Asks: 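I have a structure I would like to understand better, so I am pasting it below and will then ask my questions one at a time.
In what follows, chains are A, B, ... by sequence order, proteins preceding strands, each numbered from 1. Since the model is a prediction, treat every value here as computed from it, not as a measurement.
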Protein chains: 2
Amino acid sequence: MQDASDRDGAETLTAGDGESQIAYKLRLAQIAAYRAFEERVTGYGKAPRYLGLLMIIGANPGSNQSSLAEAVGLRRSSLVAILDQLERDRIVRRDPAPDDRRSKAVRLTGHGSRVLKELTEEAEAHEAALTRGIPEADLAILRAALDRIILNMRALDMPAANAAADRTDSLSRS
Amino acid sequence: MQDASDRDGAETLTAGDGESQIAYKLRLAQIAAYRAFEERVTGYGKAPRYLGLLMIIGANPGSNQSSLAEAVGLRRSSLVAILDQLERDRIVRRDPAPDDRRSKAVRLTGHGSRVLKELTEEAEAHEAALTRGIPEADLAILRAALDRIILNMRALDMPAANAAADRTDSLSRS
DNA sequence: TATTGTTATACTCTATAACTATA
DNA sequence: TATAGTTATAGAGTATAACAATA
């Protein structure tokens, strides 16, 4: 009798093994973290949801929409409505590109820069809450492990990268 | 000049700081891992997407739909279509509950058990690919850190849990 | 011909509210 | 009255395909 079929039923059900898997913990942690951040920044409208995009725009002012779409992993058609919203909220601006009349140069507005700055500070506070109680040495290992996982998973998509990933095996702690 | 506005534009854009944040890496890792798993198990229909649910059903046979919905964090109305699909695919069965004629006892079918077993093996292979090149000692730290993050984030929702989380600070490496 | 931004459209996932049958 | 399962409906979020303007 390894299951819980004879229990009370009052507590929340669990999924036997599987819960010890890193892939599973990763998913739970990400969902909880994402939800907590959204709750922290209630009142900033839709901007928090697109913080990654805003950071990219801030770090690469004047980029066109196709580049931005690729950077955040969306189709360029999907980005249109997002930029419409952010433009409506005066967070970003679409200027004519200087060199190519098909393109638009996307930039943060003055207000957008201030919002990004505030959200970045919120993200730092969120990061502190997230990592509370984890020793600094462990955080370094956590960071390296997450980087390696990202590398490992992307290697599956582009098999050519496998050899490169293998070569870093012995260097992963550098 | 700290941005990349004067670059070629050929490479993929990046988001300055922010990318060093654990919250950010967590999101990238989870997205990449989820995508890789779905690609690995193409051919199993919709079951892989609901692997967590299937594990819970497998570990708690005869549970009713409300309990299952709560366990996976969905409204019970949202679970209906999912179970419809899984029942259509002969993965699960909805039997009348023995004690309460409003409830249904959800169970894996024989075929569902076999599918779950195979998917569990696929998940283990996925886990191996995920953690490739990460030393066992670091994996233990990674697991503990992810658990702590989940705890930290949930504590924000239920402030009463803060004290409990704090008390485990010095025990987090046990 | 190829690319940029855009529109129209559809699909997936989830939520809310209201219903039914039981309790 | 309250609960379990269900339905109808709506709202995000993203994708595909086709289009006009420009390269």
Asks: Can you check whether B/S103 has a side-chain N or O nearer than 4.0 Å to OP1 or OP2 of D/dA4?
Replies: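 Answer is no, no contact under 4.0 Å.
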Asks: Do A/L86 and A/L53 come close enough that some side-chain heavy atom pair is under 4.5 Å?
Replies: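 Of all side-chain heavy-atom pairs linking A/L53 with A/L86, at least one is under 4.5 Å.
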Asks: Between C/dT14, C/dG5, D/dA15, which one does the side chain of A/Q65 approach most closely?
Replies: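 Minimum distance to the A/Q65 side chain belongs to C/dG5.
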Asks: Which donor-acceptor pairs under 3.5 Å do side chains of residues 41-51 of chain B form with protein atoms, sequence neighbours excluded?
Replies:
residue : atom : partner : partner atom : Å
B/T42   : OG1  : B/E38   : O            : 3.4
B/T42   : OG1  : B/E39   : O            : 3.0
B/Y44   : OH   : B/E118  : OE1          : 2.6
B/R49   : NH2  : B/E38   : OE1          : 3.2

Asks: Counting side-chain heavy atoms from C-beta on, which of C/dC13, D/dA15, C/dA15 comes nearest to B/R49?
Replies: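 Among the listed nucleotides, the one closest to the side chain of B/R49 is C/dC13.
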Asks: Rounded to whole angstrom units, what separation is found between the CD atom of A/E70 and the P atom of D/dA15?
Replies: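 In whole Å, D/dA15 P and A/E70 CD are 13 Å from each other.
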Asks: Give the rounded distance in Å between these two atoms: CG of A/L74 and C1' of D/dA12.
Replies: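 Atom CG in A/L74 sits about 13 Å away from atom C1' in D/dA12.
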Asks: Could you give the CD1-to-C1' distance, from B/I82 to D/dG5, as a whole number of Å?
Replies: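 That distance rounds to 14 Å.
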Asks: Got a sec: does the CG of A/D17 have more than 12 other heavy atoms crowding it under 6.0 Å?
Replies: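 It does not: A/D17 CG has 12 such atoms or fewer within range.
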Asks: C/dT16 P sits how many Å from B/R75 CZ, rounded?
Replies: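 Roughly 4 Å, once rounded to whole Å.
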Asks: For B/Y50 and C/dT12, is the shortest distance between a side-chain N/O and OP1 or OP2 below 4.0 Å?
Replies: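 It does not, given that no N or O in the side chain of B/Y50 lies less than 4.0 Å from OP1 or OP2 of C/dT12.
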Asks: Whole-Å distance between D/dT6 P and B/N64 CG?
Replies: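 Going from B/N64 (CG) to D/dT6 (P), I get 11 Å.
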Asks: Name the nucleic acid region contacted by B/L79, choosing base, sugar-phosphate or nothing; use a 4.0 angstrom heavy-atom cut-off, strictly under.
Replies: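 Since no nucleic acid heavy atom lies under 4.0 Å of B/L79, the category is nothing.
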Asks: Starting at atom CD of A/Q85, determine the distance to atom P of D/dG13, rounded to an integer number of angstrom.
Replies: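 It is 9 Å, rounded to the nearest whole Å.
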Asks: Would you mind building the protein contact string for nucleotides 18-23 of chain C? One character per nucleotide, 5' to 3', B for base within reach (heavy atoms under 4.0 Å), S for sugar-phosphate only, - for untouched.
Replies: ---BBS
Asks: Just to be sure I understand the rule, does A/S66 reach a base, reach only the sugar-phosphate, or reach nothing, if contact means heavy atoms closer than 4.0 Å?
Replies: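 Sugar-phosphate, backbone atoms only, no base.
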Asks: Within residues 28-40 of chain B, which residues have any heavy atom lying less than 4.0 Å from an atom of DNA chain C?
Replies: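 Under 4.0 Å from DNA chain C: no residue of residues 28-40 of chain B.
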Asks: To check you understand the geometry: which heavy-atom pair defines the closest contact between A/G16 and B/A59, and what is its length?
Replies: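 Closest approach of A/G16 to B/A59: N-CB, 3.8 Å.
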Asks: Can you check the B/L83 CG to D/dA4 C1' distance for me, whole Å?
Replies: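 About 13 Å, once rounded to whole Å.
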Asks: So how far is it from B/R101 CZ to B/S103 OG, rounded to the nearest 0.5 Å?
Replies: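 These two atoms lie 12.0 Å from each other.
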Asks: For B/E122, enumerate each residue passing the salt bridge (charged side-chain N to carboxylate O under 4.0 Å, His left out) test, keeping only those at least two apart in sequence or located in another chain.
Replies: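 Partners of B/E122 under the salt bridge (charged side-chain N to carboxylate O under 4.0 Å, His left out) test: B/R40.
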Asks: Using heavy-atom distances to pick each residue's nearest nucleotide on DNA chain D, tell me which of A/K46 and B/V80 is more 5'.
Replies: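 It is B/V80 whose nearest nucleotide is closer to the 5' end.
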Asks: Show me, pair by pair, the donor-acceptor contacts under 3.5 angstrom made by side chains of residues 91-98 of chain B, not counting sequence neighbours?
Replies:
residue : atom : partner : partner atom : Å
B/R93   : NE   : B/D95   : OD1          : 3.3
B/R93   : NE   : B/D95   : OD2          : 3.3
B/R93   : NH2  : B/D95   : OD2          : 2.9
B/R94   : NE   : B/E87   : OE1          : 3.2
B/R94   : NH1  : B/Q65   : OE1          : 3.1
B/R94   : NH2  : B/D84   : OD1          : 2.1
B/R94   : NH2  : B/E87   : OE1          : 3.3
B/D95   : OD2  : B/R107  : NH1          : 3.2

Asks: Excluding sequence neighbours, so at least two apart, what forms side chain to side chain contact (heavy atoms under 4.5 Å, CB included) with B/R76?
Replies: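 For B/R76 the side chain to side chain contact (heavy atoms under 4.5 Å, CB included) partners, ignoring immediate neighbours, are B/S66, B/A69.
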Asks: About how many Å separate CZ of A/R27 and CZ of B/F37, when rounded to the nearest 0.5 Å?
Replies: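 Answer rounded to 0.5 Å: 10.5 Å.
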Asks: What's the CD-C1' distance between B/E87 and D/dG5, to the nearest Å?
Replies: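 Between C1' of D/dG5 and CD of B/E87: 12 Å.
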Asks: Answer yes or no: is there a side-chain heavy-atom contact under 4.5 Å between B/L74 and B/I82?
Replies: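 With C-beta onward as the side chain, the pair touches.
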